[in-house]
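Every chain is numbered from 1, with letters handed out A, B, ... down the list of sequences.
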Amino acid sequence: MEFLKGLNAQQREAVTHTEGPLLILAGAGSGKTRVITHRIAHIICSKHVAPSAILAVTFTNKAAGEMRERVAGLLENEGLDSQPTVSTFHSFCVRLLRRDGDGLARIRPGFTRRFSIYDDDDQLLIIKAAYRSLGLDEKDFLQYRAALSRISHTKNLKQTPQDLYRTATSKEQERLAALFEAYEKALHMANALDFDDLLLEAVRLLEHDEATREAWNRRLSYVMIDEYQDTNRCQYELMCLLSQSHQNVCVVGDEDQSIYSWRGADIRNILDFERDFPKAKIIRLEQNYRSTKNILSAAGAVVENNKARKGKKLWTESEAGDLLGLYPAFDAENEALFIADSIDKQLASHPDDAIAVLYRTNFQSRQLEEALRRYGRKYNIVGGFSFYQRAEIKDTIAYLRLSVSTADSVSLLRVINTPARGIGRTTVEQIEAQAREKGISLWAAIEQTIDGHQLSTRSQSSLVTFRNVIQELALVASAEPLPDLIKFLLDRTGYRKMLEQEKTPEAEARQENLDELITAATEAVERGETVWEFLDHAALVAEADAYDEKAAVTLMTLHNAKGLEFPVVFIAGMELGLFPHSRSMNSEEMLEEERRLCYVGMTRAQKRLILSWAKYRRRFGGGEQERSTPSWFLSEIPENLLVNLGPQEDTGEVDLTAERYDARQSARRNTYTGKAYNSLENITQFFSERGIAFNPPKPAPPPRPQPRQAPVIPPRPSLPAKPLPPPAAPPRRITRAGMTVEHPKYGKGTVVRREGDGENAKITVNFPQHGLKKLVEKYAGLKRD
DNA sequence: TGATTGTTTGCTCCA
DNA sequence: CAAACAATCA
């Protein structure tokens, strides 16, 4: 069979083992995408299975698109009339619910197939409203986000608010139950599903609606799931429900790359697969085709420190390659400049090498972007502020959602007074109270309020205007094509006018974004999509979907880098508190996940891998620079695989400071404070508008040649490589970052950072129960643990 | 009511 | 350093 050509023995086995449950443990870079695509092609061609009987699930829409293309490429000459279904779990569930979801109305009050999808901004608004209605305050209860995550967790355990009430043993648990109840009620009232619901309700639908379940089981005969290590319980159940009759499930994953437990991913899905499917066949792909030996051994050495793993050893036939670079920067700005400079040099000698700069948190991108801009380097950025998160886009989407579903209260609140039409806080509060009292939707409350003439004439007329606008939109929505609807909407609501009157460059940019939205809508219609599909798409596009492989330089978080590969990779900000993140330093499990994240990042690199950290970093925009400690992960890499790219320790700081001053001056001239524009064109335009020539500065930091080979390892953390229990020999300072301390009131916590010296030093401590607290050392009464 | 100004607070990671 | 929130004034 020609689909087996060029595959190694294990890969071939994985492709040809088509019947029954199959677990493929695929190490990083072991060719798993290849295996999946070839397996699909093999099933279709040699087993004569209709493509539509195959479902493949990927992690992002982008990955789904790529896989679809690759399969189509393989099957190009086969003259097939259908394509296999390749999608993410979430997209699949949305389609399922929109198509076959009617039966759900029996078990979910108020549900119709015209539901809205609420993203986390929407969720936040709901939870805030719930706090308000219960008279709770974020300050003396959980933070909104924490409450949401607790609720999400509870939902995924299939527990209801009533379950929570029943098991509640404290006031706090009762409050959480009440919040949960209010939150769920608000979603039901708005006929909205959050991301958890998409999966949960799809499972419930398949469980309760026998006809639908059987139809899907008849239709599908092979199910494949990629990135299986990052599936949650619900996705697992969905998989089981869809493959009940045939059990032809093939899952592909790598327990060392499980990095989404915070989102509910359950690593047991992969660790217990054999137990759940006793007849399962297991195939290991351990030959790595991506990275050099040095990169692979370094990454392996790091992840080896994890206990919760099955353990496997990747190997490669490739050469040793370069040593890994290590750059201890003076501060974050210097780090960014070093990276920009190294990229310049790299591209000068290897213009075709794609380069990725990876970091733990989105906010780090800022300084990196600035440095790249100053080098005049075009770059691609994944995440941060995505198109669909921009205010003007969300507003327009909210109008669209309202025009097809007036029940959508979050959208309603979002636009009820944008543009300003005289409906202020008090009016809105009145409507909300009315809705709460009568248990009706906000829209219904508005209609009642209008009919009852309960408001001042002014508010009354404003409200009538709003209602008329929405009714008119609904009318147009049912008659006109989507792009025309959007144009009409922007006109009729006065939204475009509002932007025009602003006359600022930002407002202009916003208008352009809206034009882009109209273009997107036009294209969607050309593809034959309905309004609903368009809105679903807007809700489900992922950060990673925006990644464009054509740009030479790509900036993204480590999470977004999953599944990708680059000849050259930088990982920035390898410091304690940042990576591993301070919020993940309190338990061994969380730390292991951070370590896996590090492993994922390192194994993205094919030829060169450069790690950096900054000795001083500002935590917030304004404040003081704070001293940082190198990441534990750095010291887990064998020294003989590293080469120091920074100046020598003793002489280094002086030069770096001088350089830093230079850089500051030049940055001061060149920085601007507008929105982060992502393309060089915009930046150049920005400067030309201001009459400043934009010339990429002379390469800034001088990583000078290394006289000796002996690498200078970053000052070893004076902490043991294992975080808990912590250190032994703090000199006269009572506390240091990374240390566990005990506070008389808050109990045990981990020191995250320290500012200042002596007994007046302020330290930030992370207490698992109480979150971050800033304490003055001499008053805090801390005891070393 | 709504615009303006002042003040505070916050940084995970994402479908 | 921003966005989000609060307070103030027109």
* To do: Report the residue (Met590(A) or Thr427(A)) whose heavy-atom-nearest nucleotide on DNA chain B is the more 5′ of the two.
  =>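 Looking at the nearest nucleotide for each, Thr427(A) comes out on the 5' side.
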* Asked: For Phe363(A) and Thr557(A), take the nucleotide of DNA chain B holding the closest heavy atom to each; which residue's nucleotide lies nearer the 5' end?
  ->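 Residue closer to the 5' terminus by nearest nucleotide: Phe363(A).
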Please determine if [X] and [Y] form a salt bridge, counting it only when a charged side-chain N lies under 4.0 Å from a carboxylate O.
X         : Y         : value
Asp122(A) : Arg414(A) : no
Glu201(A) : Arg108(A) : yes
Asp197(A) : Lys155(A) : yes
Glu335(A) : Arg617(A) : yes
Arg263(A) : Asp230(A) : no

Where the side chain of [X] is defined as all heavy atoms beyond and including C-beta, which of [options] is the nearest nucleotide?
X         : options                  : result
Ala420(A) : dA15(B), dA3(B), dA2(C)  : dA3(B)
Gln143(A) : dA3(B), dG10(B), dC14(B) : dG10(B)
Ser584(A) : dA15(B), dT12(B), dC1(C) : dT12(B)

So what does [X] hit on the nucleic acid, given a heavy-atom distance under 4.0 Å: a base, only sugar-phosphate, or nothing?
X         : answer
Tyr260(A) : sugar-phosphate
Gln235(A) : nothing
Lys128(A) : sugar-phosphate
Arg421(A) : sugar-phosphate
Ile423(A) : sugar-phosphate
Ser91(A)  : nothing

* For Trp262(A) and dC13(B), are the ring centres under 5.5 Å apart with planes inclined under 30°? ->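 Stack criterion met.
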* **Base of dC13(B) and ring of His559(A) stacked, centres under 5.5 Å, planes under 30°** =>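 No, the aromatic ring of His559(A) does not stack with the base.
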Hey, is the side chain of [X] poking within less than 4.0 Å of OP1 or OP2 on [N], counting only N and O atoms?
X         : N       : answer
Asn61(A)  : dA15(B) : no
Gln364(A) : dT12(B) : no
Asn417(A) : dG2(B)  : yes
Asn362(A) : dC11(B) : no

Would you mind reading off the distance between [X] atom [atom1] and [N] atom [atom2], rounded to a whole angstrom?
X         : N       : atom1 : atom2 : answer
Ile259(A) : dA15(B) : CD1   : P     : 11 Å
Leu124(A) : dA3(C)  : CG    : P     : 16 Å
Asp230(A) : dC14(B) : CG    : P     : 13 Å
Tyr144(A) : dG10(B) : OH    : P     : 11 Å
Lys62(A)  : dA15(B) : NZ    : P     : 13 Å
Arg366(A) : dA2(C)  : CZ    : P     : 4 Å
Ile225(A) : dA15(B) : CD1   : C1'   : 16 Å

* Taking the P atom of each, how far is dC11(B) from dA6(C), in whole Å? ->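 The same atom, P, in both gives a distance of 16 Å.
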* Rounding to the closest angstrom, what is the interatomic distance between dT12(B) and dC5(C) at atom P? ->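 These two P atoms come out 16 Å apart once rounded.
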* To do: Report yes if a donor N or O on one partner sits less than 3.5 Å from an acceptor N or O on the other, where the partners are the side chain of Arg583(A) and the base of dT12(B); otherwise report no.
  =>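 For Arg583(A), whose side chain was compared with the base of dT12(B), there is no donor-acceptor pair (under 3.5 Å).
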* To do: State yes or no: are the ring centers of Tyr260(A) and Trp262(A) separated by less than 6.0 Å?
  =>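 Tyr260(A) vs Trp262(A): aromatic centres under 6.0 Å.
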